[in-house]
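Everything on this sheet refers to the single structure shown next.
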Amino acid sequence: VQLQASGGGLVQAGGSLRLSCIASAWTSRSYIRGWFRQAPGKEREFVADINLDGTTTDYANSVKGRFTISRDNGKNTVYLQMDSLKPEDTAVYYCAAGRYLGSDQQNYDYWGRGTLVTVSS
């Protein structure tokens, strides 16, 4: 499974962006999907994940109430809607696919190359 993330860019604080991550194979609907991010000089961290049919989601406390993860299995795509963006959300955002829900990066077998989100103050 190959993953390709898109939708990053430069936005002012308080603004919104929607990231997309398309998978190369229809079998991606059999995978848990997640988003992670890595800010400059920091470790990569969990952002959100979603189960196979989109009925269960989880978020990092830092984004809860501002970000929404969703998926469209017909399009092999997962989305991350990011609202009320803050400068501290600046990072490279990575999408991932795996077999188990959770924030542990070891749960994910496939990773996209990342898309840069920059939030200016």
Side-chain angles (χ1 to χ4, degrees):
V1 177
Q2 292 184 324
L3 305 173
Q4 184 171 349
S6 62
L10 174 64
V11 63
Q12 289 189 329
S16 298
L17 280 175
R18 188 177 81 154
L19 305 183
S20 300
C21 177
I22 188 167
S24 62
W26 66 271
T27 53
S28 65
R29 66 192 63 181
S30 301
Y31 289 86
I32 301 300
R33 305 289 293 275
W35 287 96
F36 290 76
R37 68 185 182 185
Q38 186 169 20
K42 295 188 176 182
E43 298 290 319
R44 188 161 61 185
E45 64 178 7
F46 170 78
V47 175
D49 65 7
I50 189 166
N51 70 341
L52 299 182
D53 62 5
T55 56
T56 299
T57 58
D58 191 26
Y59 298 91
N61 287 335
S62 59
V63 308
K64 201 169 292 185
R66 299 188 297 120
F67 291 10
T68 303
I69 189 171
S70 62
R71 65 190 296 165
D72 184 337
N73 287 336
K75 297 181 178 179
N76 298 332
T77 302
V78 65
Y79 303 97
L80 186 68
Q81 177 68 41
M82 305 185 296
D83 299 317
S84 303
L85 282 162
K86 304 176 181 179
E88 52 262 45
D89 294 318
T90 295
V92 176
Y93 283 71
Y94 298 89
C95 60
R99 295 294 188 182
Y100 305 101
L101 284 169
S103 59
D104 188 344
Q105 297 182 46
Q106 300 295 323
N107 291 354
Y108 296 87
D109 303 308
Y110 303 98
W111 293 83
R113 293 180 63 180
T115 184
L116 177 62
V117 172
T118 304
V119 184
S120 63
S121 57

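Positions are given from 1, in the same order as the sequence printed here.
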Open item on the list: Suppose we screen for side-chain hydrogen bond (donor to acceptor under 3.5 Å, both in side chains). Which residues come up paired with Y94, at least two apart in sequence or across chains?
Closed with: none

Open item on the list: Using 0.5 Å steps for rounding, measure from the CD atom of Q12 to the OG atom of S121.
Closed with: 9.5 Å

Task: Least distance between heavy atoms, N51 atom then T55 atom - done: OD1-N, 2.9 Å

Open item on the list: Strictly distance-based, threshold 3.5 Å: is any side-chain N or O of R44 a donor or acceptor partner for the main-chain N or O of V92?
Closed with: no

Task: Same cluster (ILVMFWY, side-chain, under 4.5 Å), W35 and M82 - done: yes

Task: Donor-acceptor pair, side chain of Y108 and main chain of S103, under 3.5 angstrom - done: no

Open item on the list: Against F36, only a single residue in E45, Q105, E43 fulfils side-chain contact (heavy atoms from CB on, under 4.5 Å); can you say which?
Closed with: Q105

Task: Qualifying disulfide bond (SG atoms under 2.5 Å apart) pairs with a residue from residues 37-96, counting only residues at least two apart or across chains - done: C21-C95

Open item on the list: Any side-chain to backbone donor/acceptor pair from N107 onto L101? Under 3.5 Å, distance only.
Closed with: yes

- [ ] Over all heavy atoms of both residues, which pair between Q81 and S16 is shortest? Give the atoms and the distance, please.
- [x] NE2-CB, 3.9 Å

Task: Where R71 and G54 come nearest, the two heavy atoms and their spacing - done: CD-N, 4.0 Å

Open item on the list: If hydrophobic clusters are built from ILVMFWY residues whose side chains come within less than 4.5 Å, do F46 and V63 share one?
Closed with: no

Open item on the list: Testing the basics here: between S84 and R66, what is the closest heavy-atom pair and its distance to 0.1 Å?
Closed with: O-NH1, 2.9 Å

Open item on the list: Tell me the closest heavy-atom pair linking A23 and V1, and the distance in Å.
Closed with: CB-CG1, 4.0 Å

TODO: Mind checking the CG-OG spacing from D89 to S62? Nearest 0.5 Å is all I need.
DONE: 7.0 Å

TODO: Look at the side-chain heavy atoms of Ile, Leu, Val, Met, Phe, Trp and Tyr, link any pair under 4.5 Å apart, and say whether V11 and L116 land in one connected group.
DONE: no

Open item on the list: So, taking the atom named CZ in R33 and the one named CG in N76, what distance separates them when rounded to the nearest 0.5 Å?
Closed with: 7.5 Å

Open item on the list: Treating T90 as the side-chain partner and V119 as the backbone partner, does any N or O pair qualify as donor plus acceptor under 3.5 Å?
Closed with: yes

TODO: Measure across T57 and I69 and return the closest heavy-atom pair with its distance rounded to 0.1 Å.
DONE: CG2-CG2, 3.6 Å

Task: Greater than 12 external heavy atoms within 6.0 Å of Q2's CD - done: no

Open item on the list: Check whether D49 reaches the backbone of G102 with its side chain - one donor and one acceptor, N or O, closer than 3.5 Å.
Closed with: yes

Task: Contacts of K64 that satisfy side-chain hydrogen bond (donor to acceptor under 3.5 Å, both in side chains) - sequence neighbours left out - done: N61

TODO: Treating Ile, Leu, Val, Met, Phe, Trp and Tyr as nodes and any side-chain heavy-atom pair under 4.5 angstrom as an edge, say whether Y59 and V47 lie in one connected cluster.
DONE: yes

Task: Parallel, tilted or perpendicular, as decided by the 30° and 60° cut-offs, for the rings of Y93 and F67 - done: tilted

- [ ] Indicate if L19 and I32 have the same hydrophobic cluster label, given that clusters are the connected sets of ILVMFWY residues with side-chain heavy-atom separations under 4.5 angstrom.
- [x] no

Open item on the list: Would you compute the distance between atom CD1 of I50 and atom OG1 of T56 and round it to the nearest 0.5 angstrom?
Closed with: 8.5 Å

TODO: Find out whether S20 and K75 are in side-chain contact, i.e. whether some heavy atom of one side chain is under 4.5 Å from a heavy atom of the other.
DONE: no

Open item on the list: Between N73 (side chain only) and L52 (backbone N and O only), is there a donor and an acceptor less than 3.5 Å apart?
Closed with: yes

- [ ] Would you indicate whether Q38, at its atom CD, is surrounded by more than 12 heavy atoms from other residues, nucleotides or ligands within a distance under 6.0 Å?
- [x] yes

